[in-house]
Amino acid sequence: VMPTFGDTTAGGDTFPCTNDRAVLSKFTCSTSGTLTQINVRFDSTSSAGASFKGLIYADDGAGNTPGTRLGVGGATAVGAGGGDLASTGLSVSVVGGTDYWIGGVVSDFQPTFQMDSGGVGGSRMEATTYASPAASWTEAATTSSTMNAYGTYTEDAGGGLAWIRA
C-alpha cells in the first residue's frame, strides 16, 4: 500500500462546483517521496458532464494561502453519483513534515465537492483556467469546510536500519 496524506474519509458537507473553480485544503506530508496522484471525493448528488484535475500548490502564499503551483494531474471524468476519483500522471517531489495545498479544479458545474465541516478549511480560486490552472494562486475566498482530497506518493528509499560490521 502506497502512503497518502490529506483527508481520505467521506465528509458530510458539500461545496458546489462551477466551471474553472478550484478548491484546495492544506495537509502535511509525513515522509518524503514523489507524489503520483491526487484523489478528490465528489458527492453522490453529482451529475455527469464534467471533468476534474488534481492540483498541488506549495504553502508559500501570503497570509496562509496556497502559492506556487507544483503539479496538475490528468483529466478525470466525474460521473453521476460522484465518488472517490483519482487524477494521475503527477511526478512531484514532496518533503516530509511540509505542508501542501491539494484539491482540484473542475471543468463545469455538474459535480459537487464532498467536504468535512470545519477542520482546516480551504481556499477557493475562481476563473482559473481548467485547461491550464494558474501558476500562482489567487484566493477569491476561503471555505469553512475541508476538502475530501488526498495525495498518493512513493516514499523515498532509505530510512531503514544500517548494520555495521566491526
Side-chain angles (χ1 to χ4, degrees), residues 2-30 33 35-47 50-79 81-90 92 94 97-130 133-153:
M2 294 177 62
T4 62
F5 70 99
D7 185 345
T8 60
T9 62
D13 202 2
T14 61
F15 194 80
C17 295
T18 189
N19 59 314
D20 299 329
R21 171 178 283 168
V23 180
L24 308 175
S25 287
K26 183 166 65 170
F27 302 104
T28 305
C29 186
S30 60
L35 180 89
T36 56
Q37 78 179 39
I38 293 173
N39 284 53
V40 173
R41 189 176 295 274
F42 291 90
D43 191 63
S44 62
T45 60
S46 297
S47 56
S51 294
F52 93 99
K53 293 178 181 177
L55 300 174
I56 180 169
Y57 280 75
D59 184 34
D60 61 358
N64 192 34
T65 63
T68 307
R69 186 189 71 220
L70 301 176
V72 179
T76 300
V78 180
D84 182 355
L85 304 176
S87 177
T88 60
L90 290 146
V92 176
V94 291
T98 302
D99 291 335
Y100 296 94
W101 291 81
I102 58 175
V105 59
V106 292
S107 64
D108 219 325
F109 69 91
Q110 291 93 341
T112 302
F113 290 121
Q114 193 164 27
M115 304 179 89
D116 285 326
S117 294
V120 297
S123 181
R124 178 174 105 220
M125 180 167 38
E126 304 292 346
T128 187
T129 306
Y130 169 79
S136 295
W137 189 263
T138 302
E139 185 172 82
T142 59
T143 64
S144 59
S145 298
T146 303
M147 288 286 293
N148 292 150
Y150 60 95
T152 301
Y153 63 103

List the atom of A86, the atom of Q37, and the distance in Å for their closest heavy-atom pair.
CB-NE2, 3.7 Å
Do K26 and W101 come within less than 4.5 Å of each other through their side chains, counting heavy atoms only?
yes
Listing, residues 15-24 side-chain donor-acceptor contacts under 3.5 Å, not counting sequence neighbours, or none:
residue: D20; atom: OD1; partner: Y130; partner atom: N; Å: 2.8
residue: R21; atom: NE; partner: E126; partner atom: OE1; Å: 3.2
residue: R21; atom: NE; partner: E126; partner atom: OE2; Å: 2.8
residue: R21; atom: NH1; partner: P16; partner atom: O; Å: 2.7
residue: R21; atom: NH2; partner: E126; partner atom: OE2; Å: 3.0

Could you check if a side-chain atom of T128 sits within less than 4.5 angstrom of a side-chain atom of P133, using non-hydrogen atoms only?
yes
Is it true that a side-chain atom of N148 and a backbone atom of G11 form a donor plus acceptor pair closer than 3.5 Å?
yes
Can you see which heavy atom on S117 is nearest to which on S145, and at what distance?
CA-OG, 3.8 Å
Results of salt bridge (charged side-chain N to carboxylate O under 4.0 Å, His left out) for D60 - residues two or more places apart only:
none
Decide yes or no on side chain to side chain contact (heavy atoms under 4.5 Å, CB included) for V40 and M147, but give the supporting numbers first.
CA-CA 8 Å; V40 173; M147 288 286 293; 3.8 Å; yes
Is it true that the side chains of S123 and W137 contain a donor and an acceptor less than 3.5 Å apart?
yes
Straight-line distance of Y153 OH to T36 OG1, nearest 0.5 Å
11.0 Å
Looking at S87 and G54, what are the two nearest heavy atoms and their distance?
OG-N, 2.9 Å
With a 4.5 Å limit on heavy-atom distance, are the side chains of T28 and D99 in contact?
yes
Measure centre to centre between the rings of Y150 and F5, then say whether the value is under 6.0 Å.
no
Heavy-atom donor-acceptor pair, D43 side chain to T45 backbone, under 3.5 Å:
yes
So CG of L70 and CD1 of I102: to nearest 0.5 Å the spacing works out to 11.5 Å
Atom CE of M125 and atom CG of L55: how far apart are they, to the nearest 0.5 Å?
7.5 Å
Using a 4.5 Å cut-off on heavy atoms from C-beta on, say whether the side chain of D59 contacts that of N64.
yes
Any heavy-atom pair between the side chains of I56 and V94 that's under 4.5 Å?
yes
Shortest non-hydrogen contact between F113 and V106, atoms and distance:
CZ-CG1, 3.9 Å
Does Y57 form a ring-ring contact (aromatic ring centres under 6.0 Å, His included) with Y100? I'd like the steps, not just the answer.
CA-CA 6 Å; Y57 280 75; Y100 296 94; over 10 Å; no
Could you tell me the separation between the CD1 atom of I38 and the CG atom of L85, rounded to the nearest 0.5 Å?
13.5 Å
Quick check for you: to the nearest 0.5 Å, what is the distance between T65 atom OG1 and R124 atom CZ?
14.5 Å
Looking at every heavy atom in both V120 and S25, which two are closest together, and how far apart are they?
CG2-CB, 4.2 Å
What's the separation between atom CG in D13 and atom CG in D116, rounded to the nearest 0.5 Å?
8.5 Å
With side chains defined as the heavy atoms from C-beta onward, is the minimum distance between P111 and F52 less than 4.5 Å?
no
Looking at every non-hydrogen atom in both residues, tell me the closest pair between G103 and A149 and how far apart they are.
CA-CB, 4.1 Å
